[in-house]
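Working notes for the structure below.
Below, chains carry the letters A, B, ... as their sequence lines are ordered, and counting in each starts from 1.
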Amino acid sequence: RLRKWNERFRTRDSKERNLKQALGEIDRMASAQGLPDNVRETASVIYRRALDEDLLPGRSIEGVSTSCVYAAARMAGVPRSLDEIADVSRVEKAEIARTYRYVVRELKLEVKPADPEQYVPRFASDLELSEESEMRAKSLLRNAKEKGVHSGKSPVGLAAAAVYAAALLTNEKTTQAAVSEVADISEVTIRNRYHELLEAEDGLVA
Amino acid sequence: MTNPADSIEIQNVVASTGIGQELDLEALAEDLPGADFNPDNFPGLVYRTQEPKAAALIFRSGKIVCTGAKSIDDVHEALGIIFEKLRGLQIPVEDDPEITVQNIVSSADLGHNLNLNALAIGLGLEDVEYEPEQFPGLVYRMDEPEVVILLFGSGKIVITGGKRTDDAEEAVEEIVERIEGLGLLG
DNA sequence: GCTTTAAAAAGTAACGT
DNA sequence: ACGTTACTTTGCAAAGC
């Protein structure tokens, strides 16, 4: 009886320490990525659920914390790519991806793939592009989505290509190298997606 | 119209068996030309057959895993070659070791492009994993037959996890039905 | 959980030329 | 800008850490 009480106490105590550490990590990573408070809060709520539903045994606190930030950013409509998240995490990319799928599956979080348009404001801002090209980029993506060219392609790559294409269309100076730098997408991919976006646009006219 | 089920091609068959005899893999590695054995890395000895092309993992317990074969017949052929090689080395091998197919990987073509975003929602997020940022295929876990299907934007698919040849056919028929029911095919 | 084997799908990336 | 190679995902067995 006393042992059981001790065990419960120990469990509760260790979960509290676990939570403290995780919340600190979530705060640190969210800050490093410039994510708003609501994302931190959502990530914390997800982490508490993971802890309550005993998803932690077998996984690292850091890995689950990172997955919560990745999921929360997407749910809030301000997605960060897995590479960006991995940059501020202590856990390697492959483990984050594995843990993320596990958390989403176990907690039945209905997280859908990021919409490429959600990456546009940040990339456009980083490249100091006008609001007009930002709107152009989103419109290119909307058109491409209607034509069904999104399937299987990285939302980040599509967004990077759209921003590049929009800058050219509005006569603003940018290079594939600059877009590649801010989006962390290879120039080859930007070129490939760029051609597809323009093709989808031409199909509109033709 | 061509039937998607007719486009099914078996790409890989994984099977397990055993010769009912313990083996000295160190000695076997010496006697079997082309055998790879790195016990520090992996406990199994790797042996590849050329015709049919397959790879076998041979363990100290005498259990063997065969993978890479393009058909169930090829699995039997490849393992038959291995059994004979072992007998040739004076290693006693059971008369007809039982061979169990563990997994069959097949590919097929639905013949139409697929809108994976719509499909993810239509098939039900609980049975689907679709993370285009990481992998271009949509992963769908089917209940009956119990297989996993990878669906791509091109309409090409991969069926894995089945143990019978019929599983792939049933799976293709089932997925075509479900996608059509969703109005998302063609 | 990891290690090793095999094969397909399509996207992405990093080499070298 | 090519081509090549290689990595991502799925499924499975084996023995052992």
Side-chain angles (χ1 to χ4, degrees), chain A residues 57-60 63 81-83 93-95 97-99 101-102 150-158 160 180 184-193 196, chain B residues 7-18 22-23 25 36-49 52-71 74-75 78 99-110 113-114 116 129-142 146-163 167-168 171:
Chain A
R59 325 259 143 191
S60 70
S81 71
L82 191 55
D83 284 320
K93 193 175 157 182
E95 197 198 317
R98 230 165 268 139
T99 308
R101 280 181 219 126
Y102 173 72
H150 280 41
S151 285
K153 273 111 180 177
S154 162
V156 191
L158 285 164
S180 170
D184 196 19
I185 286 295
S186 76
E187 295 183 42
V188 178
T189 296
I190 292 174
R191 239 174 274 136
N192 291 339
R193 296 300 143 253
E196 286 174 7
Chain B
S7 71
I8 296 174
E9 284 180 40
I10 293 182
Q11 301 291 350
N12 183 24
V13 177
V14 180
S16 58
T17 186
E22 294 258 329
L23 292 166
L25 298 184
D36 288 342
F37 183 45
N38 301 323
D40 292 344
N41 223 295
F42 187 69
L45 177 154
V46 181
Y47 183 73
R48 287 160 228 272
T49 55
K53 192 184 169 205
L57 303 178
I58 304 175
F59 298 88
R60 193 184 47 200
S61 63
K63 292 194 176 178
I64 301 174
V65 170
C66 178
T67 183
K70 292 281 187 195
S71 70
D74 283 356
V75 167
I99 296 172
T100 309
V101 173
Q102 303 287 356
N103 183 25
I104 298 176
V105 182
S106 300
S107 59
D109 189 351
L110 300 186
N113 287 341
L114 298 171
L116 301 183
E129 270 182 32
Y130 176 47
E131 292 289 328
E133 194 197 314
Q134 174 148 65
F135 185 69
L138 181 156
V139 182
Y140 176 58
R141 280 156 222 282
M142 186 175 273
E146 195 178 329
V147 297
V148 171
I149 305 179
L150 308 183
L151 301 113
F152 297 84
S154 64
K156 300 271 186 67
I157 69 174
V158 171
I159 306 99
T160 186
K163 288 181 158 52
D167 287 342

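Remark: side-chain polar atoms of B:Glu133 are not paired, donor with acceptor, to backbone N or O of A:Ser81 under 3.5 angstrom. A donor-acceptor distance shorter than 3.5 angstrom exists from the side chain of A:Ser151 to the backbone of B:Leu114, with no hydrogens or angles considered. With hydrogens and angles disregarded, no donor-acceptor distance shorter than 3.5 Å links the side chain of B:Tyr140 to the backbone of B:Val147.
Across all strands shown, C:dT3 is found opposite D:dA15 as a Watson-Crick or G-U wobble partner, with both distances under 3.5 Å.
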Enumerate, atom names and distances included, each donor-acceptor pair closer than 3.5 Å involving a side-chain atom of residues 150-161 of chain B, sequence neighbours excluded.
from     : atom 1 : to       : atom 2 : distance (Å)
B:Ser154 : OG     : B:Lys156 : N      : 3.2
B:Thr160 : OG1    : B:Asn103 : OD1    : 3.4
B:Thr160 : OG1    : B:Asn103 : ND2    : 3.4

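With salt bridges taken as basic N to acidic carboxylate O contacts below 4.0 Å, one links B:Glu129 and B:Arg141. Salt-bridge annotation for A:Glu196 and A:Lys153: present, with a side-chain N of the basic residue lying under 4.0 Å from a carboxylate O of the acidic one. A salt bridge does not link B:Asp74 with B:Lys53: none of the charged nitrogens is closer than 4.0 Å to a carboxylate oxygen.
B:Ile99 has its CD1 atom 17 Å from the P atom of D:dA13, to the nearest Å. Separating the CZ atom of B:Arg141 from the P atom of D:dT10 is a distance of 7 Å, rounded to the nearest angstrom.
C:dT3 sits 13 Å from D:dC7 when the P atoms are compared, rounded to a whole Å. Spacing between C:dG1 and D:dT9 at atom P, rounded to whole Å, works out to 13 Å. C:dA8 and D:dC2 are spaced 25 Å apart, taking the P atom of each and rounding to whole Å.
Of the residues near DNA chain D, B:Thr67 and A:Ala94, the one whose nearest nucleotide (by heavy atom distance) lies more toward the 5' end is A:Ala94. Each of B:Glu146 and B:Lys63 has a nearest nucleotide on DNA chain D; the 5'-most of these lies closest to B:Glu146. Nearest-nucleotide positions on DNA chain C place B:Asp36 closer to the 5' end than the other of B:Phe152 and B:Asp36. Taking for each of B:Asn103 and A:Pro155 the nucleotide of DNA chain C with the nearest heavy atom, the 5'-most of the two is the partner of B:Asn103.
Side-chain contact, B:Gln11 with B:Ser107: a donor N or O sits under 3.5 Å from an acceptor N or O.
Pairing each heavy atom of B:Gly68 with each of B:Asn12, the nearest pair is N-OD1, 2.6 Å. Here the shortest heavy-atom pairing between A:Ala160 and A:Ile190 reads CB-CG1, 4.1 Å.
Contact annotation for A:Ile185: backbone-only contact, meaning every heavy-atom pair under 4.0 Å involves sugar-phosphate atoms and none involves a base. Using a 4.0 Å heavy-atom criterion, one finds that B:Ser61 contacts the sugar-phosphate atoms exclusively. Within the nucleic acid shown, A:Asp184 comes within 4.0 Å of sugar-phosphate atoms alone, with no base atom in reach, counting heavy atoms only. Counting any heavy atom pair closer than 4.0 Å across all strands shown, B:Ser154 reaches sugar-phosphate atoms only and no base atom. If you check every strand for non-hydrogen atoms under 4.0 Å, B:Val148 touches sugar and phosphate atoms only.
Within residues 132-140 of chain B, the residues approaching DNA chain C are B:Phe135, B:Pro136, by heavy-atom distance under 4.0 Å.
Between chain A and DNA chain C, the heavy-atom contact criterion of under 4.0 Å yields a 5' to 3' nucleotide range of C:dC2 to C:dA13.
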